[in-house]
Amino acid sequence: MGANLQITEKLENYIKDFSFKLNPIQQEIIDYNKTLGEIKRMQIDPAQCYFLHLIIKVANIKNVLEIGTFTGLSALSISLALPNNGKLIALDKNEETNKVAVDFFKKAKQDHKIQTIIKPAIDSLEELKDEKFDMIFIDADKMNYKIYYENSLQLIKKGGLIIIDNVLWHGEVVDEKNNDKFTVNIREFNKFVSEDDRVEQIIFPLGDGMTVCRVL
């Protein structure tokens, strides 16, 4: 019986060496985030950059909503995979990190595809209620995941994808002794999605865990 490999740093570097190469500006964002201290963990893993790129290409996705942008690595990864007439709306409430992200988008010549909205995502989602998206990527404040998910179901096209990051929560979801509010919230959210008959879903052990839902 096969088993999942434990991805060591050495093996992770090997994967990078033999995978599709990151854009130089993606690497710049990764290097910049390393200077930010503990909050750098808000960045997606490079393996997730590859995954987002591939899934957008394979599914011919053109219209994307991102909930939670940080310094722009996931948004840039999405935009680079989109066709020239593709569009990404990126929601984030942090004006400072959004400015950093926009500067990277411009440097990568992707700003024509990306519209950023700076305000609480719950407010923005209400304003976008008449839009329809091929894919929605959720990577924002974890306590509101269920709200973002329910709103996403109203905004996604039939057959579209909702992808949620951090669903393994640094591995703490399986630690029965860990009952802090964030861990409990992620556990409850995962259970809710797994029982939701509106979607087909699978958790991928990439980065901090990604749930990919296909909307029925």
How far apart are the C-alpha atoms of Asp134 and Lys157, what are their side-chain angles, what is the distance that settles it, and do they pass the salt bridge (charged side-chain N to carboxylate O under 4.0 Å, His left out) test? CA-CA 6 Å; Asp134 303 314; Lys157 296 176 182 177; 3.0 Å; yes
Rounded to the nearest 0.5 Å, what's the gap from [atom1] on [X] to [atom2] on [Y]? Could you check?
X: Thr211; Y: Leu161; atom1: OG1; atom2: CG; result: 12.5 Å
X: Ile147; Y: Ile122; atom1: CD1; atom2: CD1; result: 4.0 Å
X: Phe133; Y: Ile89; atom1: CZ; atom2: CD1; result: 4.0 Å
X: Ile136; Y: Leu125; atom1: CD1; atom2: CG; result: 8.0 Å
X: Ile78; Y: Cys49; atom1: CD1; atom2: SG; result: 9.5 Å
X: Leu128; Y: Glu126; atom1: CG; atom2: CD; result: 9.5 Å

Inspect the surroundings of [atom1] in [X] and state if more than 12 heavy atoms from other residues, nucleotides or ligands are less than 6.0 Å away.
X: Lys21; atom1: NZ; value: yes
X: Lys87; atom1: NZ; value: yes
X: Glu9; atom1: CD; value: no

Distance only, no hydrogens: is a donor on one side chain within 3.5 Å (strictly under) of an acceptor on the other, for [X] and [Y]?
X: Lys113; Y: Gln110; answer: yes
X: Gln26; Y: Ser77; answer: yes
X: Gln27; Y: Asp31; answer: yes
X: Asp92; Y: Asn98; answer: no
X: Thr69; Y: Glu66; answer: yes
X: Asp165; Y: Gln48; answer: yes

With a 6.0 Å cut-off on ring centres, are Phe20 and Tyr50 close enough? no
Verify whether the ring centers belonging to Tyr145 and Tyr149 lie closer than 6.0 Å. no
Verify side chain to side chain contact (heavy atoms under 4.5 Å, CB included) between Leu206 and Ile44, making sure each step is shown before the conclusion. CA-CA 9 Å; Leu206 293 172; Ile44 65 169; over 6 Å; no
Exercise: identify the closest heavy-atom pair between [X] and [Y]:
X: Ile55; Y: Ile61; result: O-CD1, 4.1 Å
X: Ala75; Y: Leu88; result: O-CD2, 3.5 Å
X: Asp196; Y: Leu153; result: OD2-CD1, 3.9 Å
X: Leu168; Y: Pro205; result: CD1-CA, 4.2 Å
X: Ile25; Y: Lys107; result: CD1-CG, 3.7 Å
X: Gly68; Y: Ala140; result: CA-CB, 4.1 Å

Between [X] and [Y] (salt bridge meaning N to carboxylate O under 4.0 Å), is one present in this structure?
X: Arg198; Y: Glu150; answer: yes
X: Asp139; Y: Lys142; answer: yes
X: Glu96; Y: Lys99; answer: no
X: Asp175; Y: Lys177; answer: no

Going by heavy atoms in the side chains, are [X] and [Y] under 4.5 Å from each other?
X: Ile186; Y: His170; value: no
X: Asn33; Y: Leu36; value: yes
X: Ile67; Y: Ser152; value: yes
X: Trp169; Y: Asn185; value: no
X: Thr116; Y: Phe105; value: yes
X: Lys158; Y: Leu216; value: no
X: Leu22; Y: Ile30; value: yes
X: Asn84; Y: His112; value: yes

So, applying side-chain contact (heavy atoms from CB on, under 4.5 Å) with Met135, which one of Ile162, Ile163, Leu65, Leu82 is it?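 Of the listed residues Ile162, Ile163, Leu65, Leu82, the side-chain contact (heavy atoms from CB on, under 4.5 Å) partner of Met135 is Ile163.
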Qualifying residue, where the test is side-chain contact (heavy atoms from CB on, under 4.5 Å) with Phe70 and the options are Ile29, Asn94, Val100, Ile39: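 Among Ile29, Asn94, Val100, Ile39, the one meeting side-chain contact (heavy atoms from CB on, under 4.5 Å) with Phe70 is Ile39.
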Partner residues of Glu95 under the side-chain hydrogen bond (donor to acceptor under 3.5 Å, both in side chains) criterion, sequence neighbours left out: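 Glu95 satisfies side-chain hydrogen bond (donor to acceptor under 3.5 Å, both in side chains) with no other residue.
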For Asp45, all residues meeting side-chain hydrogen bond (donor to acceptor under 3.5 Å, both in side chains), sequence neighbours excluded: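 For Asp45, no residue satisfies side-chain hydrogen bond (donor to acceptor under 3.5 Å, both in side chains) once neighbours in sequence are set aside.
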Under 3.5 Å, is there a donor-acceptor pair between the side chain of Asp141 and the main chain of Met143?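 No.
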Any sub-3.5 Å donor-acceptor pair from Ser194's side-chain atoms to Lys191's backbone N or O?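 Side chain of Ser194 to backbone of Lys191, a donor-acceptor pair under 3.5 Å: yes, one is there.
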Determine, stepwise, if the pair Lys132 / Asn63 fulfils side chain to side chain contact (heavy atoms under 4.5 Å, CB included). CA-CA 8 Å; Lys132 285 293 180 183; Asn63 196 15; 5.7 Å; no
Given the rule that I, L, V, M, F, W and Y join up when any side-chain heavy atoms are under 4.5 Å apart, are Val215 and Val167 in one cluster? yes
Under 6.0 Å from the ring centre and within 45 degrees of the ring axis: does the NZ or CZ of Lys146 meet both conditions for the six-membered ring of Phe192? yes
With under 30° as parallel and over 60° as perpendicular, where do the rings of Phe204 and Phe51 fit, or are they tilted in between? tilted
